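Beneath this line is the structure, given in structure tokens, with notes to follow.
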Amino acid sequence: MPELPEVETVTQSVKKHLLGNNFDSIQVNWKKTLHNFKISDFNNKIKGRNIENVYRKGKYIVIVFKSVFLCVHLRMTGKLYAANSIEKDKKHISLFLTIGDKYLVFEDVRKFGRFYMFDNLDFLDNKLGIEPLSEGFSENWILNQIKERKRQMKSLLLDQSFICGIGNIYADEALWYAKIHPLSNSSSISKKKILNLRKGIIKVLKESIKRGGTTIRDYTYDFSYVGNYALKLNVFGKEGKKCPRCFSVIIKTKVAQRGTHYCPRCQIKR
DNA sequence: AGTATTCCCTGTTCGC
DNA sequence: TGCGAACAGGGAATAC
Ligand SMILES: [Zn+2]
């Protein structure tokens, strides 16, 4: 469910509750949620330690301690929020942590979400590609990098080791913006379109962050707020509707096993 | 190197 | 209405 704008929104919403505080305990209801550590590791390395910073990296939420990092990936249905109590009628709380008189709750219907503990961020640095909202995501960078790959464009945008943070919604929206067919090969895209793709990626991500992300069904932040970038979508979920640019009917297909929406007139395969 | 398939899970929507 | 299939903002592990 959550992509870069949603993860950024969630990160900022929990940050104010975490900074300068510390976790006293953890209760784990779904054991697989702790991907690479145990409760004893939490007790030894995190419990009682000051939270120095909280930020987003790709689609991960990174909670920084003096000598360890706690990272959270929401995957499809994960929700991370601060609460004053644990509601008994919630069926899908995978885990929660206590922080003073509050709770940091991880609720996750599909149970794909994961917590990671790292001594440093080498693992994520090696796994994740460039941050699309960083200065390094320059015109030269994307021109050089796309030429070196021979990939279906949509698959390439979803590849977190290429550009991190883009997911299914923003891949479709950025490709529509740049008039690129999702199955076009990356080696055959014109320079002009590559530069437009960069602009489109930055535009859709930034505008979505401004609006708190996109809520289709599950995603909320701060317990119950929805993101309203859904109002600004041009192709995602718009199959059967008219392209806002040329009025052709938007098509939905599958690319890289994911639902993919595009305009058959604006986005010609090359 | 790049692509397709399957799996991890539960809930909702769709088609007959 | 019922019931199974298909589908869902992600990603890892396979097999070609
Ligand atoms: Zn169009």
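A quick note: this is a predicted structure, and the numbers were derived from the prediction, not measured. Chain A is the first sequence line, chain B the second, and so forth, proteins listed ahead of strands; every chain is numbered from 1.
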| NZ/NE/NH1/NH2 to OD/OE distance under 4.0 Å, Lys91(A) and Glu107(A) | no

| Side chain Asn126(A), main chain Phe123(A), donor-acceptor under 3.5 Å | no

| said: Using a 4.0 Å cut-off on heavy atoms, which residues in residues 168-184 of chain A reach DNA chain C? List them by number, or say none. | reply: Asn168(A), Ile169(A)

| Should Gln257(A) be listed as having a side-chain N or O under 4.0 Å from OP1 or OP2 of dT6(B)? | no

| message | Just to verify, what does Asp122(A) make a salt bridge (Lys or Arg N to Asp or Glu O under 4.0 Å) with, not counting sequence neighbours? | response | none

| query | Can you check the Leu158(A) CG to dA12(C) C1' distance for me, whole Å? | reply | 15 Å

| field | Whole-Å gap separating P (dC7(C)) and CZ (Phe236(A)) | value | 13 Å

| Are any side-chain N or O atoms of Glu173(A) and backbone N or O atoms of Asn234(A), one a donor and one an acceptor, separated by less than 3.5 Å? | yes

| field | Centroid-centroid distance, Tyr262(A) to His181(A), less than 6.0 Å | value | yes

| Distance-only, no hydrogens or angles: does the Gln267(A) side chain make a donor-acceptor pair with backbone N or O of Lys179(A) under 3.5 Å? | no

| Listed once per pair and sorted, the side-chain hydrogen bond (donor to acceptor under 3.5 Å, both in side chains) pairs that draw on residues 216-232 of chain A, sequence neighbours left out | none

| message | Under a 4.0 Å threshold between the charged nitrogen and the carboxylate oxygen, would Arg211(A) count as salt-bridged to Glu207(A)? | response | no

| query | How many Å lie between CD on Gln160(A) and C1' on dG2(B), as a whole number? | reply | 17 Å

| query | Are any of Arg151(A)'s side-chain N or O atoms less than 4.0 Å away from OP1 or OP2 of dA1(B)? | reply | no

| Any donor-acceptor pair under 3.5 Å linking the side chain of Asn196(A) with the backbone of Tyr177(A)? | no

| field | Closest to the Lys127(A) side chain, choosing from dA12(C), dT3(B), dA8(C) | value | dA12(C)

| task | Please collect all salt bridge (Lys or Arg N to Asp or Glu O under 4.0 Å) contacts where either partner lies in residues 67-78 of chain A, sequence neighbours excluded, each pair once. | result | none

| request: For Glu6(A), report the nucleic acid contact type (base, sugar-phosphate, nothing); a contact means any heavy atom under 4.0 Å. | output: nothing

| said: Using OP1 and OP2 only, check whether a side-chain N or O of Lys59(A) sits under 4.0 Å from dG11(C). | reply: yes

| message | Can you see if the side chain of Lys252(A) gets near the phosphate of dC7(C) - specifically, an N or O under 4.0 Å from OP1 or OP2? | response | no

| request: Please measure how far the C1' atom in dC3(C) lies from the corresponding atom in dC8(B), and state the result in whole Å. | output: 24 Å

| task | Between dT6(B) and dC7(C), how far apart are the C1' atoms? Round to whole Å, please. | result | 16 Å

| message | For a quick check of understanding: with a heavy-atom distance under 4.0 Å over all strands, which category does Thr215(A) fall into, base, sugar-phosphate or nothing? | response | base

| task | Run the salt-bridge test on Lys47(A) and Asp24(A) with the 4.0 Å N-O cut-off and return the result as yes or no. | result | no

| remark: Protein-proximity profile, nucleotides 9-16 of chain B, B/S/- by nucleotide at the 4.0 Å heavy-atom cutoff, equals BBS-----

| task | Taking atom C1' in both dA12(C) and dG11(B), compute the distance separating them and give it to the nearest angstrom. | result | 23 Å

| request: Tell me, please, whether Trp141(A) has Arg198(A) positioned over its six-membered ring: NZ or CZ under 6.0 Å from the ring centre and within 45 degrees of its axis? | output: no

| said: What contact category does Gln152(A) fall into here, base, sugar-phosphate, or nothing, at under 4.0 angstrom with non-hydrogen atoms? | reply: sugar-phosphate

| query | Under a cut-off of 3.5 Å for both distances of each Watson-Crick or G-U pair, what dot-bracket string does DNA chain C give, using [ ] for crossing pairs and | for inter-strand pairs? | reply | .|||||||.|||||||

| query | With a non-hydrogen cut-off below 4.0 angstrom, is Asp108(A) in contact with a base, only sugar-phosphate, or nothing? | reply | nothing

